[in-house]
Number of protein chains: 2
Amino acid sequence: MNPLPPNPTSSAAANAGGAAVGAGQAGASGASPTFSPLYQQIKALITQSLQTGEWKPGELIPSEVELANRFKVSQGTVRKAIDELAAENLVMRKQGKGTFVSTHHEARAHFRFLRLMPDEGVPHYPESKFIEVKRMRAPADVARLLDLKSGDAVIFIKRVQSFDGVPTIVEELWLPGMTFKGLTAERLEEYKGPMYGLFESEFGTRMIRATEKIRAVCAAEEDAALLRVAVATPLLASERVSFTYGDKPVELRRGLYSTEHHHYHNELN
Amino acid sequence: MNPLPPNPTSSAAANAGGAAVGAGQAGASGASPTFSPLYQQIKALITQSLQTGEWKPGELIPSEVELANRFKVSQGTVRKAIDELAAENLVMRKQGKGTFVSTHHEARAHFRFLRLMPDEGVPHYPESKFIEVKRMRAPADVARLLDLKSGDAVIFIKRVQSFDGVPTIVEELWLPGMTFKGLTAERLEEYKGPMYGLFESEFGTRMIRATEKIRAVCAAEEDAALLRVAVATPLLASERVSFTYGDKPVELRRGLYSTEHHHYHNELN
DNA sequence: AAGTGGTCTAGACCACTTT
DNA sequence: AAGTGGTCTAGACCACTTC
């Protein structure tokens, strides 16, 4: 679209040759209502290819030189676009090898969204036990957070996670039924590794960021039993909404964390 | 130091003119044990000027062109150094105006380290009531976290913070006595604004990052009274260590947060 | 008009990885 | 040797702010 116009408007700087990208600028002279820098346009195009699956998680994307040729911009401009994507953890650069699409199938990815750390020793990967998996209609609060209509189909999951055999997390998840059609208890149980890896590989949905709200609560009877703690033990209550491309919410997760031997870790910059 | 040598080693690339910076390279030919990129060396030099107070919080630092001339490198190299400093919140760039040293005397800085948000409405700035301010000897655990020796002089502060008149946070702070010599209850009470602003202006110590550990606990009698909640109410317990330049720990803060009307907010990327 | 940071280009060489 | 990302330079123009 908009291929190689004279481009008289005040947009890209020394873009002498004329560019194959020109998303932000209307054809009219003078007025440029929605201007955005070239590298942002390139970044959007690359993100689009990530979203559509042209390059899949774990795969190598084209080199900077190749992308520069494709988009008819300089390598430096592509570099700046990829720099931002790397900062957002959408891709990973490896010197000498290339740039790879990020994936949740990695040890280091496991603790990107789970900030619960053991008080002593290195973090281990938790073991999951599923309590319940069912389809249901979204309650009003769930629907609101997932950008659905009240009563829309959702998948509900309840599970307990244990570290070294010690039950530590009990959590409930709600997923949009449309996006995760065909997700069953069997597939969850037979799948080894993080749930986000399953979502990514089997349902083409990659979580790229999340917001979390945390409070302190008292353990109710049922949760206390699952975590094997006394009733009224104080627990961390986390409500997490995860987003995929386009800031679309695709998971609501409400967890109760026992902080007997673990703590929630955060870095403030 | 090391001014304008022929610089035959394999360090900076097209650094044709010879550089005024050459920190990483020993004069010997061949071996370069602790090589670091030019822009990292520039970044370190700028950080040093921030630390020594050559440019004070809130002030304008020299322009990119000026710094490029001073360090005898290109503007692009200075730019990359400043880019990283801006990403770490040590400086703030403002197009057309210049680059400013970050300061805690800003509305937006107040909630950089305090992630407790009201469930409804916009965050207000809390009111402080000091319960206790005294000098003491550092207990072993405090000394360890502040990189002091057990028994070293520390300043202890206990206070309650209220939002819109509702007591919400009770916290205890420990500060190295050497760094904050002369800090008294009077100065704390007469000072309006965030404590980090006081530390920055009066003691020349700027907090630049922090790590936080959070757990859930039950309110003990004394804390319950201060927060006006029932005994055994679940509270968030935060332990925060703040660092200044050179990753030097200079504050330990243990806080109890009531999550009746507030929650701890976090963004996961 | 002059100065600042922001974007873009073109070309060079370096460090690392693979062939 | 060839290809990749990483660093560095030099020069241009743009958007924004101040004089």
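Worth knowing before you read on, the calculation uses all heavy atoms, side chains too, and leaves out hydrogens, waters and symmetry mates. Chain identifiers are assigned alphabetically (A, B, ...) following the order of the sequence lines, protein sequences preceding nucleic acid strands; residue numbering begins at 1 within each chain. These numbers were taken from a predicted model, which means no experiment stands behind them.
Considering only the side chain of T77(A), dC8(C) comes nearest among dG5(C), dC8(C), dT9(D). Closest to the side chain of Y39(B), out of dT9(C), dT7(D), dT4(D), is dT7(D). Comparing dG5(D), dT4(C), dT17(D) by their closest approach to the side chain of T99(A) singles out dG5(D). Here the nucleotide nearest the side chain of R93(B), chosen from dG5(D), dG5(C), dT4(D), is dG5(C). Distances were taken from every side-chain heavy atom of S74(A) (C-beta onward) to each of dT7(C), dC8(D), dA10(C); the shortest belongs to dA10(C). Of the candidate nucleotides dG5(C), dC16(C), dC8(D), dC16(C) has the atom lying nearest to any side-chain atom of Q95(A).
One atom, CD of E64(B), and another, C1' of dT7(C), lie 12 Å apart when rounded to the nearest Å. In this structure, the CD atom of E84(B) is 12 Å from the C1' atom of dG6(D), given to the nearest Å. For the pair R79(A) CZ and dA10(C) P, the computed distance is 16 Å after rounding to whole Å. Protein atom CD of Q75(A) is 16 Å distant from nucleotide atom C1' of dT7(C), rounded to whole Å. Rounded to whole angstrom, the span from the CD1 atom of I82(A) across to the C1' atom of dT7(D) amounts to 16 Å. Atom NZ in K80(A) sits about 17 Å away from atom P in dC8(D), given to the nearest Å. Between the P atom of dA10(D) and the NZ atom of K72(B) lies a distance of 12 Å, rounded to the nearest Å. Rounded to whole angstrom, the span from the CZ atom of F100(A) across to the P atom of dG5(D) amounts to 9 Å.
Outside the 6.0 Å centre-distance limit, the rings of Y257(A) and H262(A) are not counted as a close aromatic pair.
Regarding contacts with the backbone of dG3(C), every side-chain N or O of S63(B) stays at 4.0 angstrom or more from both OP1 and OP2. Under 4.0 angstrom from either OP1 or OP2 of dT17(C) there lies no side-chain N or O belonging to K94(A).
Remark: K94(B) is positioned above the aromatic ring of F100(B), its terminal NZ or CZ atom under 6.0 angstrom from the ring centre and at most 45 degrees off the axis.
Across all strands shown, dC16(C) forms a Watson-Crick or G-U wobble pair with dG3(D), both key distances being under 3.5 Å.
With the nearest nucleotide of DNA chain C identified for both K97(B) and P37(A), K97(B) has the one nearer the 5' end. Sequence order on DNA chain C of the closest nucleotides to G76(A) and G96(A) puts G76(A) first from the 5' end.
For the residue pair E267(A) and T211(B), no side-chain donor N or O sits within less than 3.5 Å of a side-chain acceptor on the partner. Side-chain contact check for D119(A) and H263(A): at least one donor-acceptor pair (N or O, by modelled atom type) lies under 3.5 Å.
Within a 6.0 Å radius of CD in E127(B), no more than 12 heavy atoms belonging to other residues, nucleotides or ligands are found.
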